[in-house]
Amino acid sequence: MTGGVLIPPGPVRVLVATKPVDFRKGMDGLAALVKEQLKVDPFSGVIFCFRAKRADRVKLLFWDGTGLCLFAKRLEGGKFRWPRIEDGVMRLSAAQLAALIEGLDWMRVRARRVPAPEAVQ
């Protein structure tokens, strides 16, 4: 469990739809949106993140290998920090996703650059 959210184990890819979606859509409607508008396979293991018109709601859709999962969260106080509204998608790291779900400013989360180790002789 990461940040209170069940996400698939191992490295994850996260794609955020930058344009708000109709939050009445369930997992099938969001999967169709991923396939038709984002041109990505909804069963690829990528975590897809959607926002509502009101910035206080988020939905995550992902295939965990056994079924399609849908996670929804509404912040009771405040709003999620979202990128500018436009067509398209953007990538987030797993750490940025965890910060977003917690209602934190995920734009301040940066991956630490670690130099490759030298060969041991």
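None of the values given here were measured: they were computed from a predicted structure.
- The minimum heavy-atom distance between A31 and P42, with the atom names listed, is O-CG, 3.6 Å.
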Report task. Show the numbers, then the answer: is there a side chain to side chain contact (heavy atoms under 4.5 Å, CB included) between L61 and L68? Result -> CA-CA 7 Å; L61 179 76; L68 198 57; 3.8 Å; yes

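- Using a 4.5 Å heavy-atom threshold, the side chains of K25 and L33 count as touching.
- A cation-pi arrangement is present between K59 and F23, with the terminal nitrogen or guanidinium carbon under 6.0 Å from the aromatic centre and inside a 45° cone about the axis.
- The two residues D56 and G78 come nearest to each other via the heavy atoms CB-O, 3.8 Å.
- Between the CG atom of L100 and the CZ atom of R51 there is a distance of 10.5 Å, given to the nearest 0.5 Å.
- Remark: of the listed residues L92, L60, I101, V89, L60 is the sole one forming a side-chain contact (heavy atoms from CB on, under 4.5 Å) with C49.
- Heavy-atom minimum distance, V58 versus F80: CG1-CZ, 3.5 Å.
- Here the CZ atom belonging to R13 is positioned 15.5 Å from the CZ atom belonging to F62, to the nearest 0.5 angstrom.
- Listed here is the closest heavy atom pair of D41 and F48: O-CZ, 3.8 Å.
- The two residues S93 and V14 come nearest to each other via the heavy atoms O-CG2, 4.3 Å.
- Annotation: side-chain hydrogen bond (donor to acceptor under 3.5 Å, both in side chains) contacts of E76 (sequence neighbours excluded): R74.
- Residues K73 and L75 come closest through the heavy atom pair CE-CD2, 4.0 Å.
- Side-chain contact between L30 and F50 is present, with at least one heavy-atom pair separated by less than 4.5 Å.
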*Taking it one step at a time, do W82 and V16 satisfy side chain to side chain contact (heavy atoms under 4.5 Å, CB included)?*
CA-CA 9 Å; W82 292 105; V16 177; 4.0 Å; yes

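- One distance of note links OG1 of T18 with CE of M90; it measures 8.5 Å at 0.5 Å rounding.
- Partners of R81 by salt bridge (Lys or Arg N to Asp or Glu O under 4.0 Å), not counting sequence neighbours, listed by chain and number: D105.
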Give the C-alpha distance, both sets of side-chain angles, the deciding distance and a yes or no for side chain to side chain contact (heavy atoms under 4.5 Å, CB included) between R91 and L15. CA-CA 5 Å; R91 289 183 78 162; L15 295 177; 3.5 Å; yes

